[in-house]
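Note sheet for the following structure.
Any value given below was found using the heavy atoms of this structure, including those in side chains, with hydrogens, waters and symmetry copies removed.
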Amino acid sequence: MKKSPIRVAVTGAAGNIGYALLFRIASGAMFGPDQPVALNLVEIEPGLAPLKGVAMELDDCAFPLLTEIVQTADLSVGFKDCDWALLVGSVPRKQGMERADLLGINGKVFVGQGKAINDNAKSTCRVVVVGNPCNTNCLIAMKSAPDIPDEQFFAMTRLDENRAKTQLAQKAGVPVSEISELCIWGNHSPTMFPDFFNTKIGRSKATDVITDDAWLKNTFVPDVGTRGAAIIAARGASSAASAANAVVDTVRDLCTPSRGDFHSVCVLSSGEYGTPAGIITSLPIKVDAVGKWRVVEGISLTDYAKEKIAASNAELLEERKVAFGQLGLTI
Ligand code: LMR
């Protein structure tokens, strides 16, 4: 029997990430080759004209899985009955800015989107926040959508995991598929911690293959944390195709029972590994057979790792304090 379509709302649909993302969703890369999808494309008013062109191109691909395209600037239409809300649209940072500098600009957008998801989406809707600062924006959206269970909110550090895996693979001279069990901990900001201590290269510990401790601590860790800024400096615009790819990876792996490896996803913490409860922070996530996610237990963290993770989570507490103060939200 033919499956009924999964309805996916994408904000910022005519933006750079949207343009790299929609065609992959419609092609089946996100939900599989036999799963129909309907796309709710959400833009701000000035984005509606270019959005029409994007929708025309989607039509021109004749994707067999794409059953419907909705184009709108009205959030209540955009999130109507959606199964997934991919919150991509936001003002991107420019050279010289940190993602947290966007809090004042983007924070309020996520209040409105959270409310509209609450009132219009399916109660089972899952939300992935990409717009920066994504961890705190996700918390803002979650607090603004009290009827949607907290465990259905996610922010994205898969791009950082993918970046970190490639950097280790290149250093070790192995294919990237050899790198596993690499968790990004904390905030999607330069303070994030890519835990090389627990990473595997093939069957070996990464630190047995890459024995250059100074490179791991002083080059690898900061390079992963500042890769977004390096892309902006090189491209003159923030990452788009790689960010879209990480959204596909995130959603696909949240829908698929894990086959061994875990992945980095930002979720609402409840004190795992000493992380303060009540922030959206990046943790190692596995999906069990019935599709429920859980934080992987039993990872042992070095004192160095604990210190790095604590600093990143302290930054998230501070972001929460500032944003919630500005927006009048209660913790
Ligand atoms: C990235 O990591 O590339 C994105 O979050 C964009 C940015 O501002 O860094």
Side-chain angles (χ1 to χ4, degrees), residues 2-15 17-32 35-44 47-48 51 54-55 58-59 63 65-90 109-131 134 137-156 243-244 246-256 265-268 280 287 291-293:
K2 215 166 162 231
K3 294 178 172 175
S4 49
I6 292 179
R7 185 167 295 277
V8 187
V10 180
T11 67
I17 299 176
Y19 193 67
L21 176 62
L22 298 174
F23 298 84
R24 296 197 57 200
I25 301 173
S27 72
M30 189 173 266
F31 298 107
Q35 174 59 60
V37 286
L39 286 173
N40 287 12
L41 310 184
V42 185
E43 259 301 345
I44 50 175
L48 287 179
L51 184 63
V54 175
L58 281 163
D59 279 342
F63 286 119
L65 294 172
L66 183 57
T67 59
E68 191 189 357
I69 304 172
V70 174
Q71 300 168 57
T72 186
D74 179 343
L75 294 182
S76 60
V77 175
F79 293 121
K80 184 84 194 137
D81 294 334
C82 66
D83 298 286
W84 284 87
L86 309 181
L87 307 187
V88 173
S90 65
V109 171
F110 289 84
V111 173
Q113 292 183 355
K115 284 184 178 153
I117 291 168
N118 191 69
D119 296 347
N120 298 283
K122 288 185 182 159
S123 60
T124 50
C125 175
R126 287 187 270 179
V127 181
V128 178
V129 179
V130 178
C134 64
N137 287 341
C138 182
L139 191 64
I140 293 168
M142 192 189 87
K143 288 285 176 190
S144 308
D147 301 336
I148 308 281
D150 292 349
E151 63 269 18
Q152 290 165 215
F153 284 81
F154 310 94
M156 194 172 85
V247 181
V248 173
D249 285 349
T250 301
V251 174
R252 186 199 56 229
D253 288 343
L254 282 171
C255 295
T256 319
V265 190
C266 307
V267 295
L268 183 69
I280 300 277
V287 174
K292 256 183 99 61
W293 65 264

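Each of V10, L75, D74 was checked for a side chain to side chain contact (heavy atoms under 4.5 Å, CB included) with V42, and the lone residue meeting it is L75. Each of I140, L87, I280 was checked for a side chain to side chain contact (heavy atoms under 4.5 Å, CB included) with V129, and the lone residue meeting it is L87. Among the candidates V54, L58, T67, V70, the single residue satisfying the side chain to side chain contact (heavy atoms under 4.5 Å, CB included) test with L39 is L58.
In this structure, T11 contributes its side chain and V88 its backbone to a donor-acceptor pair below 3.5 Å. Looking only at distances, a side-chain donor or acceptor of N40 sits under 3.5 Å from a matching main-chain atom of G78. Side-chain atoms of Q152 come within 3.5 Å of backbone atoms of C125 as a donor-acceptor pair (strictly under, hydrogens ignored).
For the pair V265 and W293, the minimum side-chain heavy-atom distance is 4.5 Å or more. Considering only heavy atoms from C-beta on, V127 stays 4.5 Å or farther from C138 through its side chain. Side-chain atoms of K80 and R7, non-hydrogen and from C-beta on, never get closer than 4.5 Å to each other.
Atom-to-atom distance recorded for L21:CG and M30:CE is 5.0 Å, nearest 0.5 angstrom. Separating the OG atom in S90 from the CD1 atom in I17 is a distance of 7.0 Å, to the nearest 0.5 Å. In this structure, S144 OG and L139 CG are separated by 9.0 Å, a value rounded to the nearest 0.5 Å. In this structure, the separation between CZ on F110 and CG on N137 is 4.0 Å, given to the nearest 0.5 Å. For the atom pair M142 CE and L268 CG, the distance stands at 4.5 Å (nearest 0.5 Å).
Contact detail for L254 and R126: the closest heavy-atom pair is O-NH1, 3.5 Å. Closest heavy-atom contact between A55 and L41: CB-CD1, 4.5 Å. The two residues V248 and A29 have their closest heavy-atom pair at CG1-O, 3.6 Å. Residue G114 comes nearest to A145 through the heavy atom pair O-CB, 3.3 Å, listed as atom of the first residue, atom of the second, then distance.
In this structure L65 satisfies the side-chain contact (heavy atoms from CB on, under 4.5 Å) test with no other residue, sequence neighbours excluded. Not counting sequence neighbours, the partners of L48 by the side-chain contact (heavy atoms from CB on, under 4.5 Å) test are E43, E45, L51, A73. Every side-chain contact (heavy atoms from CB on, under 4.5 Å) that D249 has, sequence neighbours left out, goes to R158, N162, N245, R252. In this view, F31 and I6, V8, I25, Q35, V37, W84, V251, C255 satisfy the side-chain contact (heavy atoms from CB on, under 4.5 Å) rule, not counting sequence neighbours. In this view, K122 and D83 satisfy the side chain to side chain donor-acceptor pair (under 3.5 Å) rule, not counting sequence neighbours.
A salt bridge (charged side-chain N to carboxylate O under 4.0 Å, His left out) check over residues 144-153, counting only residues at least two apart or in different chains, returns nothing.
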